[in-house]
Amino acid sequence: MNPRRSSLQWRFGSAVAGLLLLMLILTLALWFRQTHDERETVEIARQSTHALLLQQLRDSGQAQVRQLADALTNPLYYFDLEDVGDQARDALRSPGVAYVLVYDPEGRILHDGSGDIPAYGRPMRDALAGKVVAAKAMLVQQTGAMLDVSSPIFVGDERLGGVRIGYSMDAAAQSEEQTLLGLRERLSSVNRISLLWLLAMCAGLGVVCILGAVALQRMLVGPIQALADAAREIEQGNFTAPIPATRRDDELGDLTRAFGHMRDSVARHDRDMRRAAYSDALTGLANRLAFRTALDQRLRELHGTGGQLALLFCDLDDFKSINDTLGHEAGDDVLVQTASRIEQAVNTIGAVGALVARLGGDEFVILLEPTPGEAMDEIATRLAEALVQNLASPLLLHGRRLVLGTSVGVAIFPDDAVNASQLMKCGDIAMYQAKFAGKNCYRFYSRSVDEDAMRRLRLEQDLRGAWDRGELSVVYQPIYRTHDRALMGAEALLRWAHPVEGAISPDVFVPVAEQSGLIDEIGERVLRTACTEAADWPRLADGSRPFVSVNVSGRQLRNVGLFAQVVEALQLSQLPADRLHLEVTETAVIRDVAHAADLLSRLRNLGVRVWLDDFGTGYSSLNHLRRVQVDGLKIDRSFIVDLLDDAGDLALTSATMAMAHSLGIIVVAEGVEQRGQYDLLRERQGDYVQGFWLSEPLAAADFTRLLG
Ligand code: C2E
Ligand code: CA
Ligand code: CA
């Protein structure tokens, strides 16, 4: 039993001990009382016996003295000493008689019952004698252990003397003692018996108490203690703590069962909380916290063992546009499907013990363990390939097919990083490297491109809010009709005046904006600005109105909201649709030809013209032109540069122009830097030209001036 002072058992034990002690004290008090009573009783008995015996002695003494006095009257009258002697001796023989004295009127001894009467004639000198001699009637006196009864003897008025008998009280005392002894024995035996009864009662009570304590322990304290122990275990998080099984149908049984239910529900709650804390609610995968915990633990285990781990960072390409255009529900749907595809990919390559987690947004991460007989980077490569391939196949979203790429970054422990944060950072950078490499591919972390990636990350940060800070602007590069060099319109080109680094080329920051999704917002602003400014441009010499040509990036093209943005920009600016040209690159179109074809044809139905930019640089062929209807082609600058020297380029350009014309498509040559190039293009009947030889891009005001 637990000796804690406040325990129920302890309290009950002390109460029982206290009760027993009280009982003992009471018993003792009772016993003392009884012995005291016994003494008292004996004393009272002694006194009454004593008084009784004394009275008896008196009475019988007086009777004997009276009788003896009567019997002595005659002998004394006749002074018959012999007769006196006989009487005295007779009396002396009676039991209890110590002395018999017969005396004359002067108190002198006449006889004492002895043979030769040695005291004859001597006056009585004892202390009682005076009163005896003087007494006129029977007198009883008592000294110490002696009762003295005397009586004068008269004949008529003449006093003849008297007689005196001394009774020894020893005999009385003896019989008194005898009587009391019996009484005392009787009383103490009664006393003993009642003491025994009391002790037996105490013992019985003690036994009852002990039995009570045992029963209390078994029925109450034990089960409660077991519950308290279980509660302590549960408090420490051990939900398997045993709870005594019980079939009792009393309150404690109810309590125990209720406790069991409570433990189960707390355990369930705890499990749910843990699951919620460690898993991603949307996909059911591990979350960032669970992943970091697992990663830290694996790295601790691997510390110093030379073991390897691979971390694969996956980021959906252009996920933001889905959220923006189809809504968050669709976005969630995509994430759930992506999660299951990632798990599928992990299963396909047979990766054992791989942990898949969603870090947030469209970022997924996989922790890969080495498989025996295969190098870490080999398995990681297989998984990365499987991921890119699996995630590139079209997703079905509300009956729509949607193609999303994924960029995967791979970092290896301990080759690339020695701790968790470093490893995560390397994986992240590798993922960006994959994005910069054109997306929808994987890259292993490489230190050499690290700086480049960091620079791009910095640029991305700087680019955020750059428009609102007035760092971004739109310039216009004039586009001329080839055969008469008449100004026809302009291409809107974005400029970034970085507060620290100065002018940054669009070739550098547009891909960053594109990869980060910033292009969605920036592109829309370029579109609005270009439309608004173009709407105010004055008429041309021939009375027609100049067009404005706006570049649309691949990401914008895939953005389902582009169509609405164009409609809105036209409405806001009141620019007629046929004065807006959109430049799309062939690589962007090829990504999802079906979607691009649909979008572009809808735009063309509005009246907007579509030009295919950078024509010739992609791996596509004119073949695409059959599916994607465009109004014009912009032959890439790289073909124009060598036009005068490279016969191949000239042939290709000529063929392109001929073929385009046959399809009713106009041809724009960009990057014309020399007169010779221009002449050649005019000779080959190129429709429009654009280049530094004609004009560099101009600020909006300068271009308006040029027009007017
Ligand atoms: P791009 O669409 O091919 O634009 C033409 C680029 O060629 C412009 O460079 C222009 O300044 C340059 N250029 C024009 N004539 C000549 C020439 O005679 N010689 C040489 N060497 N270059 C010439 P810029 O402005 O630096 O733009 C670079 C690229 O950035 C553009 O190529 C376009 O792809 C992208 N870009 C620019 N502005 C925007 C924009 O508003 N939105 C989008 N999505 N992309 C843009
Ligand atoms: Ca362009
Ligand atoms: Ca171009």
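Remember, it's 1-based here, ligands and their atoms both numbered in the order they're listed.
Under 3.5 Å, the side chains of Glu533 and Tyr476 contain a donor-acceptor pair of N or O atoms. Inspection of the His483 and Asp687 side chains reveals no N or O donor paired with an N or O acceptor under 3.5 Å. Defined by atom type and a distance below 3.5 Å, a donor-acceptor pair is present between the side-chain atoms of Glu471 and Trp496.
For the atom pair OG (Ser473) and CH2 (Trp467), the distance works out to 8.0 Å, reported to the nearest 0.5 Å. Interatomic distance, CZ of Arg358 versus OG of Ser279, reported as 11.5 Å (0.5 Å rounding). Rounding to the nearest 0.5 Å places CG of Leu633 at 6.0 Å from CG of Leu612.
The N, O or S atom of Asp613 lying closest to the Ca ion (ligand 2) is OD2. For Glu491, the N/O/S atom at the shortest distance from the Ca ion (ligand 2) is named OE2.
Among Val475, Ile479, Asp507, the residue whose heavy atom sits closest to atom 28 (C) of ligand 1 is Asp507. When Leu527, Leu494, Ile640, Leu472 are ranked by how near their heavy atoms come to atom 38 (N) of ligand 1, first place goes to Leu494. Taking only non-hydrogen atoms, the option from Ile522, Asn551, Leu557 nearest to atom 42 (N) of ligand 1 is Asn551.
Considering backbone and side-chain N/O of Ser505, none are found under 3.5 Å from N/O of ligand 1. In terms of N/O distances under 3.5 Å, ligand 1 is not approached by Pro506. When only interatomic distances are considered, the shortest N/O to N/O separation between Arg495 and ligand 1 falls below 3.5 Å. Remark: ligand 1 and Arg637 share an N or O pair separated by less than 3.5 Å (distance only, no angle test).
Taking every non-hydrogen atom of Val526 and a distance limit under 4.0 Å, the qualifying atoms of ligand 1 come out as 41 (O). Short contacts between ligand 1 and Gln477, defined as distances under 4.0 Å to a heavy atom of the residue, involve ligand atoms 10 (C), 14 (C), 15 (N). Close approach of ligand 1 to Val672 (heavy-atom distance below 4.0 Å) involves ligand atoms 18 (O). Counting atoms of ligand 1 from 1 in the listed order, those under 4.0 Å from a heavy atom of Asp614 are 3 (O). Counting the atoms of ligand 1 from 1 in the order shown, those under 4.0 Å from a heavy atom of Glu673 are 17 (C), 18 (O), 19 (N), 20 (C), 21 (N). Shown in contact with Pro697 at under 4.0 Å from a heavy atom are these atoms of ligand 1, numbered in order with element: 11 (O).
Nearest heavy-atom pair, Gly523 versus Gln556, reported as atom, atom and distance to 0.1 Å: CA-NE2, 3.2 Å. Of all non-hydrogen atoms in Asn440 and Ser407, the two that sit nearest each other are N-OG, 3.5 Å.
For the Ca ion (ligand 2), the set of nearby N, O or S atoms under 3.0 Å includes one belonging to Asn551. At a cut-off of 3.0 Å, Asp614 does not coordinate the Ca ion (ligand 2) through any N, O or S atom. Counting backbone and side-chain atoms alike, Glu583 contributes an N/O/S atom closer than 3.0 Å to the Ca ion (ligand 2).
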Please report the C-alpha distance between Trp693 and Tyr480 in whole Å, then the side-chain angles of each, then the deciding distance to 0.1 Å, and finally whether the ring-ring contact (aromatic ring centres under 6.0 Å, His included) criterion is met.
CA-CA 11 Å; Trp693 182 73; Tyr480 296 88; 9.1 Å; no
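The side chain to side chain contact (heavy atoms under 4.5 Å, CB included) check on Ala420 picks up Arg292, Leu295, Asp296, Leu299, with sequence neighbours excluded. The salt bridge (Lys or Arg N to Asp or Glu O under 4.0 Å) check on Arg495 picks up nothing, with sequence neighbours excluded.
Between Arg458 and Asp462 no salt bridge is recorded (no basic side-chain N to carboxylate O distance below 4.0 Å).
The proximity of Glu514 to ligand 1, defined as any non-hydrogen pair under 4.0 Å, does not occur for either the backbone or the side chain. At a heavy-atom distance under 4.0 Å, only side-chain atoms of Asp613, from C-beta outward, approach ligand 1.
With a 6.0 Å cutoff to the six-membered ring centre and a 45° limit on the axis angle, Arg602 counts as a cation-pi contact of Phe563.
Close to ligand 1: Glu491, with a non-hydrogen atom less than 4.0 angstrom away. Ligand 1 is never approached by Gly523 to a heavy-atom distance shorter than 4.0 Å.
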